[in-house]
Asker: 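To start, I am sharing the structure in question, which I have written as structure tokens.
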Amino acid sequence: MFAFAPCAQSVVPVAGAPDVLFPVHRIYCVGRNYAEHDLEMGGSGRGTPCFFAKPADAVVPIDCRKPAQVDYPGMTSNLQHEVELVIAIGKGGRDIAVENARSHVYGWAVGVDLTRRDLQAAAKEQRRPWTTAKGFDQSAPISWIKRVDQAPDADALDLWLYVNNEERQKGNTRSMIWSIDEVIAEISRYWELRPGDLIFTGSPAGVAAINRGDVVRAGCSGVGTIEFTLL
Ligand code: MN
């Protein structure tokens with residue numbers, strides 16, 4: 001028996017089959033996976049991507065037909081958006097070969113890696129961890145998951161993000177430094193991937209601050225769209 005009732009399993013509905021729920025195991029994220037975003041963050045544009053993580057219950061699954069609400073987090077005065085393709089893992093493994101990586105994918109989603117940019121900047125300066133900057137509650141709004149057999153080739157998908165109908169981010173997954181398959185292979189060298197893992201693959205350029213009351217619309221062609229208001 002449990003000492004108390006365990007918290008509910010985090011889930012993301014599957015598009016086209018909303019009764020089917022994808023149970024979230026872990027959320028991995030890739031940092032600096034687009035050269036132009038690396039440049040805007042003060043890098044050389046030729047840096048090596050890095051990994052960080054968010055707790056599984058940071059997901060906020062959003063039905064594309066119903067605008068949602070996300071709480072503006074405390075402890076920041078510079079919350080920023082990062083629109084990203086998200087890989088949903090359906091088959092686990094360790095030391096996965098790049099050539100086999102795609103067979104581990106269940107589907108795709110579009111997500112927004114919400115970031116307390118002020119805390120991230122301070123953490124970088126003080127050589128401290130990013131957890132408070134990246135891994136907070138509701139920091140991972142995400143669309144329903146589009147199964148691979150119902151989605152286009154994910155290696156060349158448009159990503160976009162609008163704030164109050166103004167375009168902020170526009171990119172394409174073909175500009176990733178580490179490809180989808182390389183991201184899966186590389187992560188599986190550090191951790192055993194499990195079914196239910198989500199991987200945020202990094203943001204194109206154009207990240208900027210968002211404030212209470214702002215309406216964020218984000219999408220990935222052929223995968224999904226989401227809309228949420230910051231409360
Ligand atoms: Mn990111």
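Order of appearance sets the numbers: ligands from 1, and atoms from 1 within every ligand. Atom set for the values below is all heavy atoms of this structure, side chains included, hydrogens, waters and symmetry mates excluded.
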Asker: If I take atom CD1 from residue Ile199 and atom CD1 from residue Ile180, how far apart are they, to the nearest 0.5 angstrom?
Answerer: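 With rounding to 0.5 Å, CD1 (Ile199) is 10.0 Å from CD1 (Ile180).
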Asker: Just wondering, do Thr201 and Val86 contact through their side chains at under 4.5 Å, heavy atoms?
Answerer: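 No, every pair of side-chain atoms sits at 4.5 Å or beyond.
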Asker: So, Ser203 and Gln169: side-chain donor and acceptor under 3.5 Å apart, yes or no?
Answerer: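 Yes, because at least one side-chain N or O of Ser203 sits under 3.5 Å from a partner of the opposite role on Gln169.
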Asker: Output, by chain and residue number, all protein N/O/S atoms separated from the Mn ion (ligand 1) by less than 2.8 Å.
Answerer: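 Metal shell, protein only: Glu82 OE1, Glu84 OE2, Asp113 OD2.
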Asker: I'd like to check the ring-ring contact (aromatic ring centres under 6.0 Å, His included) partners of Phe136; sequence neighbours left out, ordered by chain and number.
Answerer: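 Applying ring-ring contact (aromatic ring centres under 6.0 Å, His included) to Phe136 gives none.
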Asker: Salt bridge check, Asp158 against Arg174: does any charged N sit closer than 4.0 Å to a carboxylate O?
Answerer: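 Result for this pair is no, no salt bridge flagged.
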Asker: Taking the side chain as every heavy atom from C-beta outward, state whether Leu230 and Asn211 have any atom pair closer than 4.5 Å.
Answerer: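 Result no, sub-4.5 Å side-chain heavy-atom pair not found.
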